[in-house]
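To keep things clear, I will list the structure first and then write my remarks on it.
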Amino acid sequence: MENTVQAFVNRHQLIKQNTTILIGVSGGPDSMALLHFLWRFKDDWNLRLIAVSVDHQLRGTASQADVDYVRDMCEKWNLEFVSTSLNVPAYKQKRQLGTQVAARELRYQFFAEQMNTYQADYLALGHHGDDQAETMLMGFVRSASVRSLAGMPVKRDFASGEIIRPLLCVTKEMIESYCTEHAIIPRRDPSNEDDKYTRNDFRHNILPLLKEKNQNLHRTLRHLSESLQEDDTYLQQEAIKMAENVVTFGNADSGLSFDTNVFKAYPRSLQRRCFHLLLNYLYGEKPQTVSYVHEEQFLKVLQTDHGHIEINFPNRLKLVKSYTTMSFYFMKDYIQPSSYHVIMDPPEEIVLPTGKVISSSIISEPHLEGGAIFVCQREAIALPLHIRTRKKGDRMRWKGLNGSKKVKDIFIDAKVPLNERDIWPVVTDNNGEILWLPGLKKGTPAESGANGDYIQLKYGMEEKHA
Ligand SMILES: Nc1ncnc2c1ncn2[C@@H]1O[C@H](COP(=O)(O)OP(=O)(O)OP(=O)(O)O)[C@@H](O)[C@H]1O
């Protein structure tokens, strides 16, 4: 393990000589191996080492015993030591967080304070190659961003210095052998075995299956992680330049705006990143969950020639496109976000802000019927489709009806509650003809006579895959 870690540290220039390193030590095998490794190189590299150990008050006296164990080992190795006891249960309750997230937030706050107190250059953590593989797989399965697929960075800025992870290049197995070899008897946290935590489930059940297919999975994933992170850093820098060139930033109230033609002249890859940078800027201290559905809607609105479109984002943020000007701003008088307007190019599936899904497909034979399905000839309507909430004066036509009927009256006849009327999807074609009020009324666009394909729309809940 020593040679591998040393080569890794050199390659990434992780540690400079004559520096101060805080080491997060829980007492488990990973951080004890890290502590021991750095201790051995302390004099060669002229390092000031300070072990930091946190009791999260989650496992009664056992977690205090872990901290005591780290203190004893530091005394034995003549190392500086700092510890604290953090009330994770209370913080968890107050902030309505999961246990792991609450513990992590408080721990990192404490780490940051200590970094600043000691003016430390580095915070070294004991994450290793198996942790990285799990993180990347979890990112792959549960997130749609390149950044989470790339896993944990080898180093990143933090408080007065940087977080470094020198053990990312070794496996858990190598760490366990290192501990045995150096007679380190680490503490064991039983919650690491519990499959109710997603990470442990990936560790025990998914990773072994993948390792059967590729014995070098760690190395493959490490390479993937490093190259994704390098690409990410470069693209992020380009996106920052793009935002600086394209966007007019206002104050907190006026939000920001830009010309869609200038924005669209950049590659799609930078458009996406710039979009997220803008959201980070706008949300600032209060990050919101913005999914890829929002990202796709944003990109679509960017492309459309439609004169005026508005979309609601979480926490009162509104996106408005008016001809070639796009702006984001926070609504002052908050009304429950209700209105939306999205564009659909069949075949496509869209998750509406209400959580319901409309999917469209192009079929050669109309065969399905039912309240939640709408079919019409492709030639008979103007694409793309628009899915939006009702507007004043909306009227709808269908076969057998003389003239047209107000959408409002359709809602009243069907006894749709008032609050649902404002979020009910209205599907129109590109000419504004209302085709469908899902579950309520189907329009009948003129038959084109041609024997072409059909557009089929389905409305329902998002499918949850087991
Ligand atoms: N209670 C703690 N006090 C100090 N540092 C911690 C603590 N918990 C975690 N860390 C740091 O964060 C790293 C990653 O934590 P994580 O919970 O993923 O692993 P772990 O199972 O605690 O690792 P270890 O084998 O070191 O116990 C640890 O290796 C350690 O450097």
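Start at 1 and go down the list; that is how both ligands and their atoms are numbered. Nothing here was measured: the structure is a model prediction, and the numbers come from that model.
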Which atoms from ligand 1 have a heavy atom of [X] less than 4.0 Å away?
X	answer
V52	4 (C)
L125	11 (C), 12 (O), 31 (O)
P29	25 (O)

Indicate, as side chain, backbone, both or neither, the part of [X] found under 4.0 angstrom from ligand 1 when only non-hydrogen atoms are considered.
X	value
V25	backbone
R107	side chain
H56	side chain

Under 3.5 Å between any N/O of [X] and any N/O of ligand 1: does that happen in this structure?
X	value
G24	yes
G27	no
F111	no
S26	yes
D131	no
S31	yes
A124	no

#### Entry: Residue of the set V5, V154, V9 for which side chain to side chain contact (heavy atoms under 4.5 Å, CB included) holds with C169
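The passing option is V5.
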
What distance separates [X] [atom1] from [Y] [atom2], expressed to the nearest 0.5 Å?
X	Y	atom1	atom2	value
F374	Y459	CZ	OH	15.5 Å
N312	E310	CG	CD	7.5 Å
M136	L149	CE	CG	5.5 Å

### Query
Nearest heavy-atom pair of V357 and E349: which atoms, and what distance?
CG1-CG, 3.4 Å

### Task
Measure from NZ or CZ of R107 to the centre of the six-membered ring of F111 and say whether it is under 6.0 Å with the direction within 45° of the ring axis.
no

### Query
Does a salt bridge link R187 with D68, judged by any charged N lying under 4.0 Å from a carboxylate O?
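Salt bridge between R187 and D68, a charged N being under 4.0 Å from a carboxylate O: no.
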
### Query
Is the shortest distance from a Lys or Arg side-chain nitrogen in E226 or R222 to a carboxylate oxygen in the other one below 4.0 Å?
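Looking at E226 and R222, the cut-off is met.
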
